Amino acid sequence: MKNLGLNEIRQQFLDFFESKGHTVESSYSLVPQQDKSLLLINAGMAPLKNYFTGAETPPNVRMATCQKCIRTGDIENIGHTARHATFFEMLGNFSFGEYFKEESLKWGWEFVTEWLEMDPNLLWGTVYEEDDEAYAIWRDVIKLPEERLVRLGKKDNFWEIGTGPCGPCSEIYFDRGPAYGCGAPDCKPGCDCDRYLEFWNHVFTQFNRDENGEYHLLDKKNIDTGMGLERIACILQGVDSIFDVDTIKAILERVEEVSGKKFGVLRANDVSIRIITDHIRAVTFMVSDGILPNNEGRGYVLRRLLRRAARHGKLLGIKGSFLADLSNTVVAVSKEAYPELEQRHDYIKKIIEIEEERFQQTLDQGLSILQADIAAMEEAGDTVLTGDKAFRLYDTYGFPLDLTKEILEEKGFTVDNDGFLNEMELQRERARSARGDADELGWEGDPLSALPSAVTSTFKGYDTLELTSELLAISTVQELADGLTVDNAPIKARLVLRETPFYPEGGGQVGDKGVITSEDGAIFNVHDTKKGTGGMIVHVGELEKGSLTRGQTLTAKVDQNLRLDTARNHTATHLLHKALRSVLGAHVDQAGSLVDPHKLRFDFTHFQHLTPEEVKAVEDQVNAQIFAPHVVETFYSSIKEAKEMGATALFGEKYGDVVRVVKAGDYSIELCGGTHLDNTSKVSALKITSEGGVAAGVRRIEAVTGRGFYALYKKLENQVEKTSEVLKTPQHDLIKKAENLMEEHKTLQRELQELKNKLAAGSIDALIAGAKNIKGMNVVTAKIDGADSDMLKDIGDRLKDKLENAVVVLGTPSGDKALFVVMAAPGAIALGAHAGNIIKEVAKVAGGGGGGTPHMAQAGGKDPSKVEAAVKKAIEVLEA
Ligand code: ATP
Ligand code: MG
């Protein structure tokens, strides 16, 4: 057996299948494209589904890949089994309706025995119990002795998910020797022990399972195989677990270094070391594929893995952040096969750093709150953490629910899941009502999706904004209809035409609006256009008058002005994208985009806010390109040619063979399906209206063009005109005037303050003159009009400075209330004064109450007319 590195095995596998006429494709993104049923790619075949179903044509009927996979379902296994990772690579060869069982098994055998030189005597084969065909191939073609050929049942060797294509499997196992085994006399593949390791599964999709559970042979039979790269490496390298495989071991050793804890000393530490090793691989690859940590979907998986790793770092005693550093090792050992890791290295590190730091800030606090919760539960004999507590940890301290669950599990406790979901729903509810955005055109449960797949539409809107075409389908919000007639109120409906000039929402560009009419007077207002299932273009709107019948010919007319506004914003978006890259750097990638008639919104990867100078530079560059001007061309090309021309493709997106290219002179070239201007000058001008952050490492720019630009200009013009009127100054003198006014304002304020000081000094003198001596205390009582409590205290302080043993009792009417402050100097306190006691009596006179310390007290009263009498009360109190 050859001892090969993980990277070498990958290459050997792909070379082998290339030599067998397979087209080798690089790994698809971890993010499924156009497949809403899947959160993350979990098998080599997942991104190829459309080739298997025939919905798309593959580049070749034979393909081979090494596919990045994530299986969150295996997360509990990490650190506990030798063979599971959340991120792993799957080697696979695929046949789309071409070769079948014999070639697949024969080549599999050839690869492992001849290329990898595995000992044939240690290899076993399994087949599905009813698959005599596969059994015969193993026995007669490969000549595997029958004692090493096992028939297994449906559970192990039949692949199916509900209805649809399915079929038997055949697996190759490696015998690691009796030392790993359970010792049972009938131990063989299929046994639960560790002796026989499954490493390559060949799936023969030969049936279609119908609703009644019956299997029908397919005309086009497919091959889909999957071999875990880490597992085969583990076998070839003769090591016990996938964590001992060369590349992964390098990461594990780095974890040991960073934590100062050795693997193999303490079981609890071992689990943490493996979890960190595994999760940092997953995290690095996910970020490199454009996933960002957040609270939903893929982003949540990423956040959960990252935070889980951070917490295990804490368990190992690591201080502070360490994951970004570890990702260096992941990149170093994987960049050969995944050059994008190196290209995006800085970006990946930054995102990990930001997310980890954010969590570190709340991790300790959250953990101690959870510890306290646990202690309280133990005392009360509870074992279930309430939903609101789990939600608080989630919402305020960033603890993914699964992390909370996991920590509780260590104590044998659980979380009230429903309670948590309930809190979550309540919060959503609050957010929703704050936004107040019920989607009137709600797109869930679309009746049109029940139509046969033959109903499709052709988009003609690149070349024309008006055409006549056949009405293929009508649906109301609830159901399909053959016809529709307006009685009195307009009817909400959706229409599908054979051909349409209406652009369906996509690529960040909103759907077109406009009107569809019939010759006999029907008017359907199109509020939005969407892509329906299976190639339909759906016009969403209201039938305002008349009636429609399926099969009828209608005239569809896009609102020209709105379309042009949108095109301005879309073409400007391309210019902006390019300008951002040239001003900020090549790390700028599109992270989201919205183009509508009113504005453009562009999200992109960048780590800090743009300085005003950068914003100006970007704006200037875009406008220079608008004025250049550039002719905008759109054409179709092969993806290869487009890339050679330097076209910007969206990161992580896989494109079909033929792509649409939008090119603005030599300045910008992008793959894009949107509707554009034919010349940049038609943008007219662009103005950035805002710049801000939306997520860690993602910035957002909003801008206006064309009519939006003009509207903005008019608004500013109006502001300047108004200002000019108010200041009675011609516009060209406004700045000078503003400067002068500010200068004057400053001088006036200074003078005012001086006057106030003088006035206060004068009145302080008057107050001192009026002080009464009571038992050695100098008592000042006064009503001061127009004061607030700060002013009263200020006067009190000054009096205390100037008068020995001062007791100051001040009051002021304040609207329909009264305010009092009493202060006593230390000398007066020594003589028995107590501000808090005095104020009680004083405030009572004005119908109020209050209190304070011996030095200082404040109170309010209900009757402002009693201030005078109230402060005088202090004299009585002190004399008594
Ligand atoms: P297991 O029972 O060990 O979890 P599986 O039946 O889920 O494996 P398949 O769905 O047949 O595996 O996937 C094909 C191959 O991918 C497996 O033979 C294995 O080599 C590899 N594989 C599957 N899951 C993992 C994982 N979590 N980590 C590493 N490799 C895996
Ligand atoms: Mg599994």
Side-chain angles (χ1 to χ4, degrees), residues 6 9-10 13 27 30 38-49 64-94 104-105 108 111-112 116 118 123-128 152-161 166-174 176 180 189-205 223-237 239-245 247-249 251-252 274-275 277-282 285-286 301 305 334:
L6 179 121
I9 302 170
R10 184 194 302 108
F13 178 88
S27 175
L30 282 167
L38 203 60
L39 206 54
L40 289 154
I41 294 297
N42 58 4
M45 65 80 67
L48 309 175
K49 254 189 218 158
T65 60
C66 176
Q67 176 63 45
K68 300 178 265 191
C69 297
I70 298 259
R71 288 195 183 176
T72 39
D74 284 336
I75 196 168
E76 310 294 338
N77 288 328
I78 311 305
H80 300 286
T81 74
R83 65 179 205 280
H84 286 103
T86 48
F87 170 86
F88 65 97
E89 297 177 58
M90 198 186 285
L91 301 165
N93 55 290
F94 309 96
S104 190
L105 290 175
F111 178 66
V112 296
L116 301 183
M118 290 173 86
L123 297 176
W124 288 59
T126 67
V127 298
Y128 174 52
L152 293 176
K154 222 167 186 178
K155 180 174 82 63
D156 288 302
N157 274 10
F158 197 93
W159 184 88
E160 67 185 338
I161 320 177
C166 58
C169 322
S170 178
E171 297 171 324
I172 314 182
Y173 277 74
F174 178 76
R176 309 171 79 190
Y180 289 89
C191 177
D192 269 343
C193 74
D194 282 338
R195 174 163 178 180
Y196 299 98
L197 187 65
E198 183 237 307
F199 64 92
W200 200 349
N201 190 6
H202 293 239
V203 182
F204 312 127
T205 24
I223 288 292
D224 152 26
T225 85
M227 168 156 66
L229 177 58
E230 291 80 356
R231 288 203 193 162
I232 184 72
C234 177
I235 295 172
L236 291 187
Q237 296 176 11
V239 291
D240 282 347
S241 90
I242 59 173
F243 292 94
D244 300 305
V245 162
T247 53
I248 304 177
K249 180 125 196 189
I251 303 166
L252 187 135
R274 281 187 170 175
I275 284 178
T277 305
D278 172 78
H279 289 8
I280 190 62
R281 288 177 83 216
F285 276 92
M286 288 173 86
V301 174
L305 289 169
S334 320

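Ligands are counted one by one from 1 in listed order, and the atoms in each one are counted from 1 as well. Owing to the predicted nature of the structure, the values given are computational and were not obtained by experimental measurement.
Proximity to F199 (heavy-atom distance under 4.0 Å) selects the following atoms of ligand 1: 18 (O), 20 (O). Atoms of ligand 1 found under 4.0 Å from any heavy atom of D74 (numbered from 1 in listed order, with element): 24 (N), 26 (C), 27 (N).
Not one N or O of E230 is nearer than 3.5 Å to an N or O of ligand 1, by distance alone. In terms of N/O distances under 3.5 Å, ligand 1 is approached by E198. Ligand 1 has no N or O atom lying under 3.5 Å from any N or O atom of M227, backbone or side chain.
Closest heavy-atom approach to atom 2 (O) of ligand 1 among the candidates R83, R231, E89: R83. Scanning M45, Q67, R71, H202 for the heavy atom closest to atom 12 (O) of ligand 1 points to R71.
Side-chain contact, Y128 with D156: no donor N or O sits under 3.5 Å from an acceptor N or O.
Between E89 and K68 there is no salt bridge, since no side-chain N of the basic residue sits under 4.0 Å from a carboxylate O of the acidic one.
Annotation: ring-ring contact (aromatic ring centres under 6.0 Å, His included) contacts of W159 (sequence neighbours excluded): none. Under the ring-ring contact (aromatic ring centres under 6.0 Å, His included) criterion, Y196 pairs with W124, not counting sequence neighbours.
Side chain of R274 to main chain of L252: no donor-acceptor pair is present (N/O by atom type, distance under 3.5 Å, no hydrogens or angles). R231 places no side-chain N or O within donor-acceptor distance of the main-chain N or O of F199, the cut-off being under 3.5 Å.
For the pair M90 and ligand 1, a heavy-atom separation below 4.0 Å is found.
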